[in-house]
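Notes to accompany the following structure.
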Amino acid sequence: MRSSAASFGDPYRLGAASDEVVVTLFISGVRTKTLPVKVWDAIFYEITPILPAISTVIILASLVVLTPLLLVRRKA
C-alpha cells in the first residue's frame, strides 16, 4: 500500500520529468542532441526500436543498481 507522501510526490515527479525535456530542447545545440531530445524526437518523428531499447536499458540499469542496495538494507 502506498503512503500518502508517495502519492503526493507523483505530480512533482511528473512535472520534473517533463521539465527535463523542455529544458534540454532549449539548451541543446543544433549539432548535439541529448538523450531526452533523442527520445522526444523518436516519439514524434520516428518509428524505430530505439525508444524501447533505451527504456529497457534504463530500467535494467536501475534494477542492477538498486537490487543489491535493497538486499543489503533487508539484511541490516
Side-chain angles (χ1 to χ4, degrees):
M1 184 176 263
R2 292 181 58 145
S3 69
S4 60
S7 297
F8 182 73
D10 287 342
Y12 175 75
R13 285 193 301 248
L14 177 66
S18 62
D19 183 45
E20 180 180 339
V21 173
V22 172
V23 169
T24 55
L25 283 172
F26 287 113
I27 291 177
S28 66
V30 176
R31 295 183 185 176
T32 59
K33 284 195 174 185
T34 60
L35 183 60
V37 174
K38 285 185 179 186
V39 170
W40 182 263
D41 288 343
I43 290 172
F44 286 105
Y45 302 117
E46 301 173 10
I47 301 176
T48 62
I50 190 106
L51 186 61
I54 291 172
S55 301
T56 303
V57 168
I58 291 172
I59 290 170
L60 289 176
S62 299
L63 288 174
V64 165
V65 170
L66 294 176
T67 301
L69 295 174
L70 179 64
L71 294 174
V72 168
R73 186 175 178 194
R74 282 191 179 177
K75 289 181 182 178

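Of the inter-residue distances, the one linking Leu71 atom CG with Lys75 atom NZ reads 6.5 Å to the nearest 0.5 angstrom. Within the model, atoms OG1 of Thr56 and CG of Leu60 stand 6.5 Å from one another, a figure rounded to the nearest 0.5 Å.
Closest approach of Leu63 to Thr67, counting heavy atoms only: O-OG1, 2.7 Å.
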